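In what follows, a structure is listed as structure tokens, so that the remarks can point back to it.
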Amino acid sequence: MASFDGPGFSMVDKSWIQTKAIDVGSSTDISPYLSRILEDCVWNGNRAIVFDVYWDVESVNTKSKWRLSSVKFSTKNLCLFLRLPNQFNDNLKDLYRFFASKFVTFVGVQIQEDLVLLKENHGIVIRSSLEIGKLAAVARGTPIVEFLGTRELAHKILWYDMSRLDSIQSKWDEAETNDRLEAAAIEGWLIYNVYDQLQQ
């Protein structure tokens, strides 16, 4: 079984998130880590995986070209951060298949543009996805929450202490790698818990 041997972080509810960050190369086998994420999501019952994607943008002949540079997946217990190569390799077929899984719903905040860019720029099609802000707007009868970011939405729904996340983000340019990974874990955990709360 793939080992999530990166740093672990305690959340404000005392739950523990174990992490793994991988620089994906041509010989990197990411399939065991994707399988572990999928297994953790299914074991926890609600079949939801939180994801964030990050883009590099280049100007080519006055047009913007978007390239997927990294992706983060979060479950109740795990956070996987993949830094992707400039040239997509054969091993990224595993990533394509993972996104197309019929077993899970990929959940995120303000993800509609990302879904379009994934399809247009890389041919990645996500079979089942959920914009968590829209779900919150309907569930709470408050349309404005649809347009909130991760931190603001989680604060509205969960009322958790955000001081650790705020501390990391306030010094982002100087933050160490582990601090940035902790911020990624916190954000994934927040959205996972928002989804969980709204499903009840």
Side-chain angles (χ1 to χ4, degrees), residues 1-2 4-22 30 33-54 70-82 95 98-112 114-115 118 126-140 142 145-169 178-200:
M1 181 175 287
F4 275 62
D5 54 5
F9 302 103
S10 178
M11 301 292 111
V12 297
D13 66 348
K14 306 306 180 185
S15 61
W16 187 258
I17 306 295
Q18 195 64 42
T19 68
K20 179 72 174 181
I22 302 174
I30 60 175
Y33 300 97
L34 296 175
S35 294
R36 181 84 185 279
I37 286 284
L38 182 59
E39 288 168 6
D40 193 66
C41 135
V42 172
W43 286 338
N44 284 298
N46 68 12
R47 296 176 180 257
I49 292 176
V50 176
F51 82 105
D52 283 309
V53 294
Y54 307 87
S70 57
V71 60
K72 180 193 76 180
F73 299 110
S74 300
T75 65
K76 184 176 182 180
N77 306 298
L78 302 172
C79 178
L80 175 64
F81 192 86
L82 303 175
L95 185 62
F98 184 69
F99 269 130
S101 173
K102 64 181 179 181
F103 298 105
V104 296
T105 297
F106 290 88
V107 178
V109 172
Q110 305 293 336
I111 59 174
Q112 293 306 311
D114 288 324
L115 296 177
L118 284 169
I126 296 179
R127 186 180 299 191
S128 180
S129 64
L130 176 66
E131 167 58 67
I132 196 72
K134 290 183 178 180
L135 178 62
V138 172
R140 296 301 170 94
T142 312
V145 301
E146 177 179 341
F147 306 103
L148 298 178
T150 297
R151 186 199 177 286
E152 294 78 15
L153 178 61
H155 181 68
K156 285 282 188 185
I157 304 299
L158 303 171
W159 297 99
Y160 283 153
D161 178 8
M162 304 284 185
S163 58
R164 178 57 184 152
L165 182 59
D166 290 342
S167 174
I168 296 171
Q169 291 180 338
N178 280 1
D179 287 335
R180 293 186 178 203
L181 195 54
E182 182 178 4
I186 292 171
E187 289 176 339
W189 171 81
L190 286 171
I191 294 305
Y192 185 94
N193 279 277
V194 167
Y195 177 78
D196 205 38
Q197 179 79 17
L198 293 174
Q199 291 292 97
Q200 293 177 10

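Not measured: the values here are computed from a predicted model.
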(request) Find out whether W43 and N77 are in side-chain contact, i.e. whether some heavy atom of one side chain is under 4.5 Å from a heavy atom of the other. (result) no

(message) Quick one, F106 and R127 - any side-chain contact, counting heavy atoms below 4.5 Å?
(response) no

(message) Could you check whether any side-chain N or O of K156 sits under 3.5 Å from a backbone N or O of V145, counting only pairs where one atom can act as donor and the other as acceptor?
(response) no

(message) Rounded to the nearest 0.5 Å, what separates atom CD1 in I17 from atom OG in S10?
(response) 9.0 Å

(request) Walk me through it: do L115 and S129 pass the test side-chain contact (heavy atoms from CB on, under 4.5 Å)? (result) CA-CA 9 Å; L115 296 177; S129 64; 3.4 Å; yes

(request) Of all the heavy-atom pairs spanning G188 and V50, show the shortest one and how long it is. (result) O-CG2, 3.9 Å

(message) With ring-ring contact (aromatic ring centres under 6.0 Å, His included) as the criterion, how do Y33 and F98 come out once you've worked through the C-alpha distance, each side chain's angles and the decisive distance to 0.1 Å?
(response) CA-CA 11 Å; Y33 300 97; F98 184 69; over 10 Å; no

(request) Supply the atom-to-atom distance L181 CG to F9 CZ, rounded to the nearest 0.5 angstrom. (result) 5.0 Å

(request) Start with the C-alpha gap between E182 and I186, add the side-chain angles, then the distance that decides, and say whether side-chain contact (heavy atoms from CB on, under 4.5 Å) holds. (result) CA-CA 6 Å; E182 182 178 4; I186 292 171; 3.9 Å; yes

(request) Considering non-hydrogen atoms only, spot the tightest contact between Y192 and A48 and give its length. (result) CE1-O, 3.9 Å

(message) Let me confirm one number: the OG-CD1 distance from S163 to I168, rounded to the nearest 0.5 Å.
(response) 10.0 Å

(request) Output yes when a side-chain donor or acceptor of Q18 lies under 3.5 Å from a complementary backbone atom of G6, and no otherwise. (result) yes

(request) Name the orientation class of the two ring planes belonging to F51 and F99 (parallel below 30°, tilted from 30 to 60°, perpendicular beyond 60°). (result) perpendicular

(request) Using atom types as modelled and distance alone, determine if a side-chain donor or acceptor of Q110 lies under 3.5 Å from a backbone N or O of E146. (result) yes

(message) So I37 and F4, do their side chains get closer than 4.5 Å, heavy atoms only?
(response) yes

(request) Walk me through it: do L198 and I132 pass the test side-chain contact (heavy atoms from CB on, under 4.5 Å)? (result) CA-CA 9 Å; L198 293 174; I132 196 72; 4.2 Å; yes

(message) If you compare all heavy atoms of V194 against all heavy atoms of A154, which two are closest, and at what distance to 0.1 Å?
(response) CG2-CA, 3.7 Å

(message) Do L80 and L34 make a side-chain contact, defined as non-hydrogen atoms from C-beta onward lying under 4.5 Å apart?
(response) yes

(message) Between V109 and E187, is the side-chain contact (heavy atoms from CB on, under 4.5 Å) condition met? List the steps.
(response) CA-CA 10 Å; V109 172; E187 289 176 339; over 6 Å; no

(message) Are the side chains of W189 and D13 in contact, using a 4.5 Å heavy-atom criterion?
(response) yes

(message) So does C79 get a backbone contact from the side chain of T19, meaning a donor-acceptor N/O pair under 3.5 Å?
(response) no

(request) Determine whether V12 and R164 make a side-chain contact, defined as any pair of heavy atoms from C-beta on separated by less than 4.5 Å. (result) no

(message) Testing the basics here: between E131 and G108, what is the closest heavy-atom pair and its distance to 0.1 Å?
(response) OE2-O, 3.4 Å

(message) Other residues, nucleotides and ligands only: do more than 12 of their heavy atoms fall within 6.0 Å of NZ on K20?
(response) yes

(message) Nearest 0.5 angstrom please: D161 CG to H155 NE2, how far?
(response) 10.0 Å

(message) Let me confirm one number: the CD1-CG distance from I49 to D40, rounded to the nearest 0.5 Å.
(response) 9.0 Å

(request) Classify the ring geometry between Y54 and F81 as parallel (under 30°), tilted (30 to 60°) or perpendicular (over 60°). (result) tilted

(request) Please round to the nearest 0.5 Å and tell me the distance separating atom CD of Q169 and atom CE of M162. (result) 10.0 Å

